[in-house]
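Each ligand, and each atom within it, is numbered from 1 in the order the structure gives.
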Amino acid sequence: MKTLSNYSLKQNNSFAVDSISPLVYCPSSESDLQELADLLPASFYILGEGYNTLLVDSRAPVIIKPEFFGVSIRECDEGYTVSAAASENWHELVLHCISKGINGLENLALIPGSVGAAPIQNIGAYGVELSQYCSEVTWFDFDKQQLTQFTNDECKFSYRESIFKHGLKNKGLITQVTFFFTKKWKPNLSYAGLDDLPTNVSAQAVLNKVIEIRQSKLPDPNELPNAGSFFKNPLLNKADWLELKKLFPDVPSYPQASGHVKVAAGWLIQEAGLKGFEENGVGVHKNQALVLVNYTSNSGGSISTLANTVYNKVYEKFGIQLEPEVRAVFSTGESTLIRLSHG
Ligand code: EPU
């Protein structure tokens with residue numbers, strides 16, 4: 001198995017901060033994974049393309065960087081089964097499917113990151129979530145040292161959540177994700193910005209529109225280092241939402257089937273006065289306040305400090321506790337980013 005020692009992860013995290021890992025394992029086969037299972041230290045972090053990870057300290061823990069590639073497609077009367085290995089690039093997979101007339105992922109275009117990372121936080125955008133199309137996840141179990149299949153139900157998907165982030169965290173590693181796309185495709189045009197497209201629009205046209213919207217709103221991590229939405233949109237219970245709405249009638253809100261109401265964290269951050277805020281070479285993006293950006297800093301600690309400022313300001317103004325979507329990795333492994341300054 002390929003390994004790297006004293007390796008700088010600056011090129012492997014989209015915040016482009018420097019952090020040195022003592023050892024990086026790059027498994028690329030099942031036998032590498034079996035070898036790795038016997039070598040695992042007490043703390044380690046599995047890194048995909050690093051688009052949703054904040055390396056907080058200048059030292060990183062042991063890193064596992066899977067290198068599994070390949071895409072296969074099977075057609076049947078009803079649709080297509082597409083299996084993609086974990087280290088394939090997500091957006092390339094979306095483009096590949098659409099170019100072959102396999103529709104469904106178009107709303108999820110341009111989400112940075114790898115295929116293997118996508119089920120972990122059940123990526124979603126413009127009214128579609130990965131969970132709607134993911135039929136199976138192949139996962140290597142470090143204890144049993146074998147591959148296991150998870151059905152969609154077993155993945156326990158919800159908004160930016162799955163079993164891989166919780167019960168199975170660090171107990172194994174995703175090697176492949178399988179999707180099923182029906183031939184009875186209909187566009188999902190529910191989200192603002194897509195709702196003016198005609199209902200007979202092609203998947204390619206939806207894809208183009210999603211790319212256009214994302215490029216106009218979200219900073220390109222290759223140009224201005226960032227990790228997309230830094231926090232999740234909070235889910236409030238009905239009573240809390242009614243109270244918030246009374247005080248702030250303009251708050252963008254999305255009622256959920258569960259009875260909860262999702263509110264826009266970007267709006268909360270903006271109304272807390274932080275849109276465009278900058279300190280220590282990092283800041284809150286000027287067009288989309290949910291995105292924290294790195295202008296000139298080399299240290300994840302500056303972004304961590306900023307995230308805590310955002311959390312505290314939003315809590316002071318709205319009494320809402322934001323939850324980071326980005327995963328925070330310290331020299332000792334993954335941990336909570338927010339240091340509560342209130343009860
Ligand atoms: N808003 C503001 N000010 C801001 C940002 C947003 O007022 O600075 C308002 C917008 O005007 C809109 C509402 O908040 O009324 C929602 O904004 P937007 O449509 O930009 O989406 P979002 O809720 O901020 C979520 C996802 C994005 C995804 C978009 C589109 C989360 C945490 N984020 O953002 O995902 O692209 O919807 O579906 O759910 C990501 O996860 O990295 C990501 C970019």
For atom 14 (O) of ligand 1, which candidate among Ala289, Ala264, Ala125 holds the nearest heavy atom? Ala264
Residue, atom name and distance, where the atom is the protein heavy atom closest to atom 25 (C) of ligand 1: Asn233 ND2, 4.1 Å
Name the closest protein heavy atom to atom 35 (O) of ligand 1, giving the residue it belongs to and the distance to 0.1 Å. Arg160 NH2, 3.0 Å
Matching residue for Tyr133 among Trp185, Phe181, Phe179 - test: ring-ring contact (aromatic ring centres under 6.0 Å, His included): Phe181
among protein heavy atoms, the one nearest atom 6 (C) of ligand 1 is Gln288 OE1, 3.9 Å
Which of parallel (below 30°), tilted (30 to 60°) and perpendicular (above 60°) describes Phe248 and Trp267? perpendicular
Could you list the atoms of ligand 1 found under 4.0 angstrom from a heavy atom of Gly228? 42 (O)
Between Ala227 and ligand 1, does any nitrogen or oxygen pair lie at a separation below 3.5 Å? no
Is it the case that Asn287 and Lys275 place a side-chain donor and acceptor less than 3.5 Å from each other? no
Compute the shortest N/O to N/O distance between Tyr191 and ligand 1 and return yes if it is under 3.5 Å, no if not. yes
Which residue and atom name correspond to the protein heavy atom nearest atom 38 (O) of ligand 1, and how close is it? Tyr126 N, 2.6 Å
I'd like to know if the side chain of Trp139 pairs up with that of Thr175 as donor and acceptor (distance under 3.5 Å, no hydrogens or angles considered). no
Option from Lys232, Lys169, Lys156 for which salt bridge (Lys or Arg N to Asp or Glu O under 4.0 Å) with Glu161 holds: Lys232
Below 4.0 angstrom from a heavy atom of Lys275, which ligand 1 atoms are there? Numbered from 1 as shown, please. 3 (N), 4 (C), 8 (O)
Under 4.0 Å between a Lys/Arg side-chain N and an Asp/Glu carboxylate O for Glu325 and Arg160? yes
Counting from 1, what ligand 1 atoms have a heavy atom of Phe231 closer than 4.0 Å? 32 (C)
Parallel, tilted or perpendicular: which describes the rings of Phe164 and Phe150, with under 30° parallel and over 60° perpendicular? perpendicular
Considering non-hydrogen atoms of the protein only, which is the closest contact for atom 12 (C) of ligand 1, and what is the distance? Tyr254 OH, 3.9 Å
Charged N-O contact under 4.0 Å between Glu67 and Lys2: yes
Say you draw a straight line from OH of Tyr295 to NE2 of His285; how long is it, rounded to the nearest 0.5 Å? 6.0 Å
With the threshold set at under 4.0 angstrom, would you say Lys262 reaches ligand 1 through any of its heavy atoms? no
Polar contact flag, side-chain donor to acceptor under 3.5 angstrom, Asn13-Glu49: no
among protein heavy atoms, the one nearest atom 1 (N) of ligand 1 is Trp267 N, 3.9 Å
Which one of Lys217, Glu323, Gln270, Arg214 has a non-hydrogen atom at the shortest distance from atom 36 (O) of ligand 1? Arg214
Going by the atom numbers of ligand 1, which of them fall below 4.0 Å from some non-hydrogen atom of Tyr159? 31 (C), 32 (C), 39 (O)
Just verifying a value: how many Å separate Ile120 CD1 and Asn52 CG, rounded to the nearest 0.5 Å? 9.5 Å
Got the closest protein heavy atom to atom 43 (C) of ligand 1, with its distance? Ser229 OG, 3.0 Å
How far is atom 10 (C) of ligand 1 from its nearest protein heavy atom, and which residue and atom is that? Pro252 CG, 4.9 Å
